[in-house]
Amino acid sequence: PAGVERLERLAAAPAAPTGALSAKASIKTGGQRHFYMETQAVCVTPFDGSQWEVVISDQDANFTQSCLALVLAVPEHQINVKVPRLGGGFGGKLSRQCITACAAAVAAGSLRRPVRIQNERSDDLRSVGGREAIHFDYEVQFDRRGVLESLDMTMTTDPGWFFGDCSGDVDMAVGWSDNCYKWKNFKVNTQAALTHTAHCTSMRAPGNLQSILATEAVIEHVARIVGKSADDVREANFYKDGDTTPFGDVLGKDGFNWTIPILWPKLKEDAKYEERKKAVAVFNSQNRWVKRGIAATPAKYVMGDDGYASGALICIYGDGTVLVSSGGSECGQGLSTKVALCVAGELGVPLEKVRVGPRETSKVPNNTATGGSGTSECSSQAAIVACKKL
């Protein structure tokens with residue numbers, strides 16, 4: 001798999017100390033708990049012998065369907081997982097929803113009646129492990145101007161009592177760890193330290209939030225040693241169009257748009273950043289106990305549609321109204337609104353004539369999970385393709 005190849009390539013990469021200066025340190029990020037508005041919730045109803053309807057707050061209905069099929073020992077086509085909407089997910093309902101779903105299904109099968117479970121907040125916080133803590137050890141080489149030479153970093157992840165979901169998080173942590181900077185030599189090793197704690201799971205920007213923070217700490221460390229501002233060091237090391245990342249991506253080609261050279265000066269100008277930074281310094285020099293701060297931080301987030309499989313079912317009725325079944329889950333991000341707008345525009349009908357129904361595995365099977373900031377767009381494109389065929 002691509003993620004495994006990336007980890008192996010970076011673990012074997014050279015990171016020889018070629019710079020005139022070097023620094024070595026550690027930084028540890030803590031964990032973080034999911035606090036979505038709606039805790040894990042499910043209602044399982046058995047009907048017609050061995051058929052099941054599962055109404056659930058869920059980011060990956062197909063995964064839930066597969067888990068329930070194993071637990072109930074029935075084929076997947078006898079289980080319909082329905083997701084009307086969910087009150088926030090942020091990765092906490094990519095896999096952890098299966099704990100409550102399977103428990104409710106076993107009870108419903110034994111009692112032959114509907115069973116509903118919704119976690120109390122305290123139970124939800126205990127059972128959904130949240131973002132994993134990562135300990136970073138790094139050694140960085142650079143010259144006296146603050147131009148980066150090499151980075152050798154080791155990430156030690158705390159996934160809880162087994163590795164599981166954190167494999168994807170670690171892959172993303174590595175894949176974003178270069179952030180926006182050009183390194184002549186770049187090496188990353190990863191390892192897991194299992195602990196007697198709840199298993200962690202994906203949380204918004206899984207892994208890369210931690211690794212970008214660690215890389216920015218490296219930049220701050222370099223800036224202090226060479227006597228420059230962190231912004232000066234950042235600007236001296238930004239990637240340029242045509243540069244190749246440690247992962248083989250050529251910026252400015254093949255969909256890898258590189259907007260930092262445009263956005264960074266534009267942000268500083270529009271926000272009057274330098275002027276405000278000077279004002280902060282003046283204020284801090286005149287006030288002993290009350291301090292102010294201002295900072296700008298760049299981030300490189302790689303995303304695309306190649307990891308998604310999205311479907312749509314369009315039903316047009318005799319009165320001119322339209323019902324859309326989408327493969328993505330509405331989490332409050334506006335997926336249903338985007339899909340409805342695309343369908344209305346493609347079919348040339350008023351928006352009020354279009355309704356987007358619940359996400360159901362019986363209508364749109366084999367859809368990938370909702371996450372990664374691309375599901376809304378891919379679900380909308382699937383609806384557009386369906387409209388064109390009609």
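Position 1 is the first residue of the sequence, and the numbers go up from there.
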Open item on the list: So Gln210 and Thr157, do their side chains get closer than 4.5 Å, heavy atoms only?
Closed with: no

Open item on the list: Go through it in stages, so that I can follow the logic: the residues are Thr45 and Glu53, the test is side chain to side chain donor-acceptor pair (under 3.5 Å), and I'd like the CA-CA distance, side-chain angles, deciding distance and then a yes or no.
Closed with: CA-CA 5 Å; Thr45 304; Glu53 181 171 87; 5.5 Å; no

Open item on the list: Any heavy-atom pair between the side chains of Arg126 and Glu120 that's under 4.5 Å?
Closed with: no

Exercise answer: donor-acceptor pairs, residues 338-357 side-chain atoms, under 3.5 Å, sequence neighbours excluded:
{"from": "Lys338", "atom 1": "NZ", "to": "Glu377", "atom 2": "OE2", "distance (Å)": "3.1"}
{"from": "Glu346", "atom 1": "OE2", "to": "Lys388", "atom 2": "NZ", "distance (Å)": "3.0"}

Task: Hphob cluster co-occupancy, Phe136 + Leu213, side-chain heavy atoms under 4.5 angstrom - done: yes

Open item on the list: If I take atom CG from residue Asp178 and atom OG from residue Ser211, how far apart are they, to the nearest 0.5 angstrom?
Closed with: 8.5 Å

Task: Linked, directly or transitively: Tyr181 and Ile225 (ILVMFWY side chains, under 4.5 Å) - done: yes

Task: Residue list, salt bridge (Lys or Arg N to Asp or Glu O under 4.0 Å) with Arg234, at least two apart or on another chain - done: Glu216, Glu220, Asp231

Open item on the list: Would you say Phe256 ends up clustered with Ile212 if hydrophobic residues are merged whenever their side chains have heavy atoms under 4.5 Å apart, either directly or through other cluster members?
Closed with: yes

TODO: Could you walk me through whether Arg96 and Asp165 pass the salt bridge (charged side-chain N to carboxylate O under 4.0 Å, His left out) test, one step at a time?
DONE: CA-CA 10 Å; Arg96 299 297 91 189; Asp165 294 4; 3.7 Å; yes

Task: Full working for side chain to side chain donor-acceptor pair (under 3.5 Å) between Asp58 and Thr64 - done: CA-CA 8 Å; Asp58 193 323; Thr64 302; 2.4 Å; yes

Open item on the list: If we ignore hydrogens and angles and just use 3.5 Å, is the side chain of Thr154 paired with the main-chain N or O of Asn189 as donor and acceptor?
Closed with: no

TODO: Given side chain to side chain donor-acceptor pair (under 3.5 Å), test Gln141 with Ser22 step by step and report yes or no.
DONE: CA-CA 4 Å; Gln141 288 82 38; Ser22 66; 5.1 Å; no

Task: Distance, nearest 0.5 Å, that separates OG1 of Thr259 from NZ of Lys266 - done: 14.0 Å

TODO: Determine whether Val226 and Arg144 make a side-chain contact, defined as any pair of heavy atoms from C-beta on separated by less than 4.5 Å.
DONE: no

Task: Trp52-Phe47 aromatic ring centre distance below 6.0 Å - done: no

Open item on the list: I need the minimum non-hydrogen distance between Val364 and Ser325, along with the two atoms involved.
Closed with: CG2-O, 3.5 Å

TODO: Please check if atom CZ in Arg112 has more than 12 non-hydrogen atoms from other residues, nucleotides or ligands closer than 6.0 Å.
DONE: yes

- [ ] Just do the side chain to side chain donor-acceptor pair (under 3.5 Å) check on Asn119 and Gln40 with the steps written out, would you?
- [x] CA-CA 6 Å; Asn119 284 352; Gln40 302 287 351; 5.9 Å; no

Task: Contact check, side chains of Leu194 and Trp161, non-hydrogen atoms, under 4.5 Å - done: no

- [ ] Mind running salt bridge (charged side-chain N to carboxylate O under 4.0 Å, His left out) on Glu275 and Lys272 for me, showing each step along the way?
- [x] CA-CA 5 Å; Glu275 178 183 329; Lys272 298 180 179 178; 5.3 Å; no

Open item on the list: Within 45 degrees of the ring normal and closer than 6.0 Å to the centroid, is that where the cationic atom of Arg204 sits relative to Phe90?
Closed with: no

TODO: Using ring pair (Phe, Tyr, Trp, His ring centres under 6.0 Å) as the criterion, point out the one residue from Trp258, Tyr239, Tyr273, Phe238 that pairs with Trp264.
DONE: Phe238

Open item on the list: Measuring from atom OG of Ser229 to atom CZ of Arg224, what distance do you get when rounded to the nearest 0.5 angstrom?
Closed with: 12.0 Å

Open item on the list: Going by side-chain contact (heavy atoms from CB on, under 4.5 Å), Ile219 matches just one of Val140, Asn179, Leu148, Thr297. Which one?
Closed with: Leu148

Task: Atom pair CD (Gln78) and OG (Ser50), whose distance is rounded to the nearest 0.5 Å - done: 3.5 Å

Open item on the list: Check whether Lys228 reaches the backbone of Arg145 with its side chain - one donor and one acceptor, N or O, closer than 3.5 Å.
Closed with: yes

TODO: Indicate, with yes or no, if Leu86 and Met203 share a hydrophobic cluster defined by side-chain heavy-atom contacts under 4.5 Å among Ile, Leu, Val, Met, Phe, Trp and Tyr.
DONE: no

Task: Residue pair Glu274 / Lys268, side-chain heavy-atom distance below 4.5 Å - done: yes

Open item on the list: Is the shortest side-chain heavy-atom distance between Asn367 and Arg359 below 4.5 Å?
Closed with: yes

- [ ] Decide yes or no for Asn185 and Leu151: does some side-chain heavy atom of the first lie under 4.5 Å from some side-chain heavy atom of the second?
- [x] no

- [ ] Identify the two heavy atoms, one from Ile117 and one from Ala103, that lie closest to each other, and give their separation to 0.1 Å.
- [x] CD1-CB, 4.1 Å

- [ ] Quick one: list whatever passes side-chain hydrogen bond (donor to acceptor under 3.5 Å, both in side chains) with Ser26, sequence neighbours left out.
- [x] Asp137

Task: Nearest heavy atoms of Ile260 and Pro298, plus distance in Å - done: CD1-CB, 4.0 Å

Task: Pairing of Lys240 and Asp243 as salt bridge, 4.0 angstrom limit - done: no

Open item on the list: I'd like to check Ile314 versus Val322 (side-chain heavy atoms, cut-off strictly below 4.5 Å). Are they in contact?
Closed with: yes

Task: Phe35 six-ring centre to Arg121 NZ/CZ under 6.0 Å and within 45° of normal - done: yes

Task: Axial cation check for Tyr138 ring with Lys24, 6.0 Å and 45° limits - done: no

Open item on the list: Do Trp183 and Met155 sit in one hydrophobic cluster, given that two such residues count as connected whenever their side-chain heavy atoms are within less than 4.5 Å of each other, even indirectly?
Closed with: yes

